[in-house]
Engineer: 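Supplied in structure tokens, the structure appears directly below.
Naming: A, B, ... by sequence-line order, numbering from 1 per chain. What you see is a predicted model; the values in this text were computed from it and never measured. As a basis for the values below, the full set of heavy atoms in this structure was taken, side chains included, without hydrogen atoms, waters or symmetry mates.
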Amino acid sequence: MTIPNRFDHADAAAKILKIWDDAQCAHATVNPDREPFMIVIPPPNVTGALHLGHGLNNTLQDIVIRMKRMQGFETLWMPGTDHAGIATQAVVERRLVEQENKTRHDLGREALVQRIWAWKDQYEKRILNQLKRMGASCDWQRTRFTLDDQCAKAVRVTFFDLFTKQLIYRGKRLVNWDSHLETAVSNDEVNNVKKKGHFWHFYYPVIDPKPGEPNRVEIATTRPETMLGDTAVAVHPNPESALDKVEKELQAKLAEANEKESAEIKTQLEQLAERRKTMLPQLIQLRDMAADGRKLMLPLMNREIPLVADRWAKPELGSGCVKITPAHDPNDYEVGMRADLPMINIMNPNGTINAEGGAYAGMTMKEARKKVVADLDELELLGDVEDREVDLPISDRSKFPIEPYLADQWFVKMDTLAQSAIDLVADEEVKIFPERYRKGYLDWLGEKRDWPVSRQLWWGHQIPIWSVSRLDAATKDELESKVVAIIGQANDMASYRVDESDDGLFGIFVCLRTEDDPLEKDFEELGFQRDPDVLDTWFSSALWPHSTLGWPDASAELEYFYPTATLITSRDIITLWVARMVLMSWNNLGKIPFREVFIHPKILDGLGETMSKSKGNGVDPIDVIDKFGPDALRFGLARIATDTQDVRMPVQYECPACEKLIDQTKKNRSVPTVQCPACKAVFSTQWAESEADKAHPRGAVVSERFETARNFVNKLWNAARFVLMNLEDYQPQSVDVDTLPLEDRWLLSRLSTVTREVTEGIESYKYAECSRILYDFAWDEFCSFYVEIAKPRLNDEKLRGTTQAVMAHGLDQLLRLLHPTMPFVTESIWAFLNDAAASRGVPAPTDPGPFVMKAAWPIANAQHNDEAIEHQFSEFQEVVGAIRKIRASQSIPPRETVPVAIRCSEASLALLQPMTTYFGQLAGADITAIGPDAKPFETDAPLALTSLDIDVHVDLEKFIDVEAELARLQKLQGQLEKQITGKQQKLSNESFVARAPEDVVARERESLDELVRQLQSVGGDLERLESKTKS
RNA sequence: GGGCGAUUAGCUCAGUUGGUUAGAGCGCUACGUUGACAUCGUAGAGGUCACAGAUUCGAAUUCUGUAUCGCCCA
């Protein structure tokens, strides 16, 4: 058998994928003979290709899925993608502008949607291919898309149900308006950035002031243009008590403050006192004027606006008065609601000033701002202009500033829905890991804020509501009776509601349960029009676990697989997605969607920033796979998935010419070409646009963090290669475990422990720990010790057969345990192992099956677990280590064999005697004496293993380097003395001796004794060596 | 402003209920390639566990505060 000494992942992976696919290894069916286990994939957005974060997310899911499949569950991993309304439409629109200089309105709804479908097809294909190449064992025959017919049906039925339950209502609400995309975006899609701005002070004249009253009021704003929509100026209803309250808080803070803070607070208190003196009387006067109904003249618009008393005005800040623009500021909106103020919308959907802005109509916000300030200045109504840092809300989708905007939106009432999702997590029906994320989930739902679900987009599930509005009472009654007549008996398919608006007019809203219902036409003939808006993407994602299984239709799959077992996702969508899946599942099915949720860390780049394509630091999993292989990608990700903290992963460009890795910096990650510092070749990056730049070969962005994992794959491959090379004459045989030599029983015991730890670890999402356990076991125990010991045994005809049996079993078990993390290399080796040892196992050989992917997961054999054996073996390992240390300090060449004498107890002798030959293999040692009577050599290098009561002596006759030996012993002596001093101090501390538990004290005493003995022995050795050099 | 988390070797991270000399990988140093593996082996150097207090016989670990960083919410 010839096996190459490198695992050719590129060649193997494609073949293995095909074999699995042909054998339908990942296909799940309803199978009453097995217990079901299902996970739904968090559907990736079709907006763009997958990055390393997806790589992590899907690797973790696949590890669980693969283990469960091997454990015999009927395992379904449901794949699919998400249409990601705003994000995807925004990308396509941006390209439209860039490439054709067209807007969506130039194209029209149908044509734009068609373009987005084309985009979706392209990226869905790419994404699914990425997942497949990573080895994700999804049931690809069931692949879904949040906008496909089945999901659409689920969305429609759910929406109708909520509408019928009166949980969907229409409201004018202040929304975050993206005036570039011309849609509302949710709070979660808004980022606040700090920007330098100004604080402009204006004066509004008072109309008919009474004697003694001021003739103008000062207000200040960071957004002057909004004054066009002002409908009031507010002053605090009780400025004195408000100031008292502020002062009280400051005093309380002062009492607890440190020196530095207290100075600051004192200054604030002084300012407050000053304000009380100079401004309070005026604020009280203004409050009284407000009570008396005094009005102000809004400049530029020449509109009378009231002076109102409202707690939103802060007497401790600025002039103490605040302008109120209810239609363009969230806080002012609240004031407007409280004081029943008119709400004047001054903005067009595209962000320009509308007719309400009078002379300013048609200007952009920016232009209007400039002009308003200039005009007020002209009128001598402009006061100070301060520099100030302001929070500027930016749309995460378009990167344009957000305008608060009053718009008609559909809302889902969250009250009872949210409560159900709270209860289910609070009662641990749904468990969230790590547990700390529970709080955020519960707090967010606890606010029970209604969910605005309208999106002014074309890409998504169009809202199934037809409406007629602005009807007077009589017309309403007439139309309503017609609606009732049309609906008639079909009230399970159509539903309506009537709303009265502020101005006493009515609107009628009809919701239809199914797509293309013939009733549509009937309503349209009555003048009903379908709402052009689409639903928030999360509405369809919220149904994902059950819509993918066929809901609302009854399906055998739904019956069998639901609820799913676990959801593995990232923390930023706990509220947006996880919470909504819980409440929607409860609403639609009365069931939880999943029993557990695991939140995994995020991957950051070397600078601690999130990876993203727009920064240029994003890593494509495919690039990592091409360079390091899919197993290395997966193992490399799994081993960093702890539950504590996000992971930093420094990234590099790979020079396509010389393969050197070049660290990414803020500078070089945003340039179109980079010159390799090693070979001076120039390569292009994702930013290359000009033909000249693109002509250079592309440099992939990867991370050297995957080298460790790649090396591990190689180590496993080569260990397997060794095993396979020594199985040529393998014959299956049963093994009597009790009569096996120590090293075999040690391996079996370790396998039992590792199997238990890994099984429990994967079940509790401890990926990093499992990876480490497997890495250490495979490398440091199986390879470094078991295989090394097996070498001489395989040359011994008497031992060869059993050795082959145990070794084949060890490799077999290791492959199974590693398979969920490293599916390709393990499947590849599995095929070779099946050729060499078709039947294998301890104690009795069995048929392992054609695929490790479908092989049985190991069960920790408690009978093989033997602590005494493991302890004994570690004695052996320590002796090996001692010999190696002495050799290294003496620079004895590895190929030289050195005589070694081991002084030990009778018990240790019994253990070590049968293993003497292995010291040769592992430490190049020839054991000349072993047992209680073993003596030092004439030219001796000793090392005492006091805790084991073993002295290791190496004969240096042929190699003695006195200086080196003296140095080694002196260093040892120094270390011992330091430790002894520490222990002595500890033990001379009376309260330690008195108060620490007895066993701790006893252990300290014992170890001190041992150290002293060792020091004496080293002292003796030193003396002998010194006298020898003198003689 | 509120909440959550982090700070351990040059880098990236582990570190169970407080108890021998705080670990790993990469990087670094020295030595070593005819048979599984140089994507390797053996050994070594490298740490005031962010800082300041408190609790305790004993603190990387528990508590309080400070600083810095990250995320979420307002």
Engineer: Is any side-chain nitrogen or oxygen of K439(A) closer than 4.0 Å to OP1 or OP2 of C72(B)?
Structural biologist: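 No, K439(A) has no side-chain N/O under 4.0 Å of OP1/OP2 on C72(B).
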Engineer: Applying salt bridge (Lys or Arg N to Asp or Glu O under 4.0 Å), run through E896(A) and R887(A) and close with a yes or a no.
Structural biologist: CA-CA 10 Å; E896(A) 298 286 353; R887(A) 293 186 62 120; over 6 Å; no
Engineer: Would you mind classifying the nucleic acid contact of R6(A) as base, sugar-phosphate or nothing, using non-hydrogen atoms under 4.0 angstrom?
Structural biologist: base
Engineer: Could you pull out every donor-acceptor pair under 3.5 Å between side chains of residues 623-638 of chain A and any protein atom, sequence neighbours left out?
Structural biologist:
{"unit_1": "D623(A)", "atom_1": "OD1", "unit_2": "R698(A)", "atom_2": "NH2", "d": "2.9"}
{"unit_1": "D623(A)", "atom_1": "OD2", "unit_2": "R698(A)", "atom_2": "NH2", "d": "3.2"}
{"unit_1": "D626(A)", "atom_1": "OD1", "unit_2": "R133(A)", "atom_2": "NH1", "d": "3.4"}
{"unit_1": "D626(A)", "atom_1": "OD1", "unit_2": "R133(A)", "atom_2": "NH2", "d": "2.9"}
{"unit_1": "K627(A)", "atom_1": "NZ", "unit_2": "E654(A)", "atom_2": "OE2", "d": "2.7"}
{"unit_1": "D631(A)", "atom_1": "OD1", "unit_2": "F824(A)", "atom_2": "N", "d": "2.9"}
{"unit_1": "D631(A)", "atom_1": "OD2", "unit_2": "V825(A)", "atom_2": "N", "d": "2.8"}
{"unit_1": "R634(A)", "atom_1": "NE", "unit_2": "T821(A)", "atom_2": "O", "d": "3.1"}
{"unit_1": "R634(A)", "atom_1": "NH1", "unit_2": "D62(A)", "atom_2": "OD2", "d": "2.8"}
{"unit_1": "R634(A)", "atom_1": "NH1", "unit_2": "M134(A)", "atom_2": "O", "d": "2.8"}
{"unit_1": "R634(A)", "atom_1": "NH2", "unit_2": "D62(A)", "atom_2": "OD2", "d": "2.8"}
{"unit_1": "R634(A)", "atom_1": "NH2", "unit_2": "P820(A)", "atom_2": "O", "d": "2.7"}

Engineer: Contact class for E896(A) (heavy atom, under 4.0 Å): base, sugar-phosphate, or nothing?
Structural biologist: nothing
Engineer: Taking atom types as modelled, find out whether R793(A) and T803(A) have a side-chain donor-acceptor pair closer than 3.5 angstrom.
Structural biologist: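 Result is yes, a qualifying pair exists.
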Engineer: Under 4.0 Å from OP1 or OP2 of C31(B): is there any side-chain N or O of S891(A) that close?
Structural biologist: no
Engineer: If I pick the C1' atom on G23(B) and the same atom on G47(B), what distance separates them, to the nearest angstrom?
Structural biologist: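 Here G47(B) and G23(B) have their C1' atoms 11 Å from each other.
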Engineer: Using heavy atoms to find the nearest nucleotide of RNA chain B for D572(A) and L922(A) separately, return the residue whose nucleotide is more 5′.
Structural biologist: L922(A)
Engineer: Taking the ring centre of each residue, are F598(A) and F433(A) less than 6.0 Å apart?
Structural biologist: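 They do not qualify: ring centres at least 6.0 Å apart.
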Engineer: Which is true for K766(A) with a 4.0 Å heavy-atom rule: it touches a base, it touches only sugar-phosphate, or it touches nothing?
Structural biologist: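 If one applies the 4.0 Å heavy-atom cut-off, K766(A) turns out to touch nothing in the nucleic acid.
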Engineer: So, does N711(A) get its side chain near the phosphate of G25(B), meaning an N or O under 4.0 Å from OP1 or OP2?
Structural biologist: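 Answer is no, no contact under 4.0 Å.
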Engineer: Please measure how far the C1' atom in G19(B) lies from the corresponding atom in G58(B), and state the result in whole Å.
Structural biologist: 7 Å
Engineer: If you measure from the P atom in U42(B) to the same atom in A36(B), how many Å do you get, rounded?
Structural biologist: 15 Å
Engineer: Which value, in whole Å, describes the distance between the P atoms of nucleotides A45(B) and G53(B)?
Structural biologist: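 About 32 Å, rounded to a whole number of Å.
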Engineer: I'd like the P distance from C73(B) over to C26(B), given in whole Å.
Structural biologist: 39 Å
Engineer: Report the stems of RNA chain B as range-with-range entries sorted by first number; a stem here is at least three consecutive pairs, Watson-Crick or G-U wobble, both distances under 3.5 Å, and write none if there are none.
Structural biologist: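 So far as stems of 3 or more pairs are concerned, RNA chain B shows B:1-7 with B:67-73, B:10-13 with B:23-26, B:28-32 with B:40-44, B:50-54 with B:62-66.
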Engineer: C37(B) base to K715(A) side chain: any donor-acceptor pair below 3.5 Å?
Structural biologist: yes
Engineer: Could you state the CG-P distance from D646(A) to U7(B), rounded to the nearest angstrom?
Structural biologist: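 Rounded to whole Å, this separation is 12 Å.
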Engineer: Reckon R772(A) has a side-chain N or O less than 4.0 Å from the OP1 or OP2 of U16(B)?
Structural biologist: no
Engineer: Hey, does I980(A) have a side-chain heavy atom less than 4.5 Å from the side chain of E977(A)?
Structural biologist: no
Engineer: Can a donor-acceptor pair be found between the side chains of Y918(A) and E788(A) at a distance below 3.5 Å?
Structural biologist: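 E788(A) and Y918(A) do not have a side-chain donor-acceptor pair below 3.5 Å.
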Engineer: When the distance from CD of E760(A) to P of U16(B) is rounded to whole Å, what number comes out?
Structural biologist: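 Distance, rounded to whole Å: 17 Å.
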Engineer: With a 4.5 Å cut-off on side-chain heavy atoms, are R449(A) and W444(A) touching?
Structural biologist: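 With C-beta onward as the side chain, the pair touches.
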Engineer: Would you kindly check whether a donor in the side chain of R710(A) faces an acceptor in the base of U39(B), or vice versa, at under 3.5 angstrom?
Structural biologist: yes
Engineer: Work out how far the P atom of A9(B) is from that of C51(B), and round it to whole angstrom.
Structural biologist: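 One P to the other, the span is 11 Å.
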Engineer: Should the pair R6(A) and W717(A) be classed as cation-pi, given the thresholds of under 6.0 Å to the six-membered ring centre and 45° from the axis?
Structural biologist: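 Here R6(A) fails the 6.0 Å and 45° test against W717(A).
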Engineer: What contact category does R648(A) fall into here, base, sugar-phosphate, or nothing, at under 4.0 angstrom with non-hydrogen atoms?
Structural biologist: sugar-phosphate
Engineer: Please confirm whether the shortest side-chain N or O distance from K971(A) to OP1 or OP2 of A45(B) is below 4.0 Å.
Structural biologist: yes
Engineer: Take atom C1' in A38(B) and the same atom in C31(B), then report the distance between them in whole Å.
Structural biologist: 14 Å
Engineer: In whole Å, I'd like the distance from the CD1 atom of I773(A) to the C1' atom of A24(B).
Structural biologist: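 Whole-Å distance recorded here is 13 Å.
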Engineer: Which part of the nucleic acid does R995(A) contact within heavy-atom distance under 4.0 Å: base, sugar-phosphate only, or nothing?
Structural biologist: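 Base contact.
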Engineer: Between L1011(A) and F712(A), who's closer to the 5' end of RNA chain B by nearest nucleotide?
Structural biologist: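 Taking each residue's closest nucleotide, the earlier one in sequence belongs to L1011(A).
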Engineer: Answer yes or no: side-chain N or O of Q890(A) and base N or O of A43(B) forming a donor-acceptor pair under 3.5 Å.
Structural biologist: no
Engineer: Are any of W779(A)'s side-chain N or O atoms less than 4.0 Å away from OP1 or OP2 of G41(B)?
Structural biologist: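 For G41(B), OP1 or OP2 has a side-chain N or O of W779(A) closer than 4.0 Å.
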Engineer: I want to check one thing: is the phosphate of A36(B), taken as OP1 and OP2, less than 4.0 Å away from some side-chain N or O of K791(A)?
Structural biologist: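 Looking at the OP1 and OP2 atoms of A36(B), one of them is under 4.0 Å from a side-chain N or O of K791(A).
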Engineer: So what does P997(A) touch, heavy atoms closer than 4.0 Å: a base, only the sugar-phosphate, or nothing?
Structural biologist: base
Engineer: Please tell me whether F876(A) and F919(A) form a close aromatic pair, meaning their ring centres lie under 6.0 Å apart.
Structural biologist: yes
Engineer: Between U39(B) atom C1' and Y775(A) atom OH, what is the distance in whole Å?
Structural biologist: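 Between C1' of U39(B) and OH of Y775(A): 11 Å.
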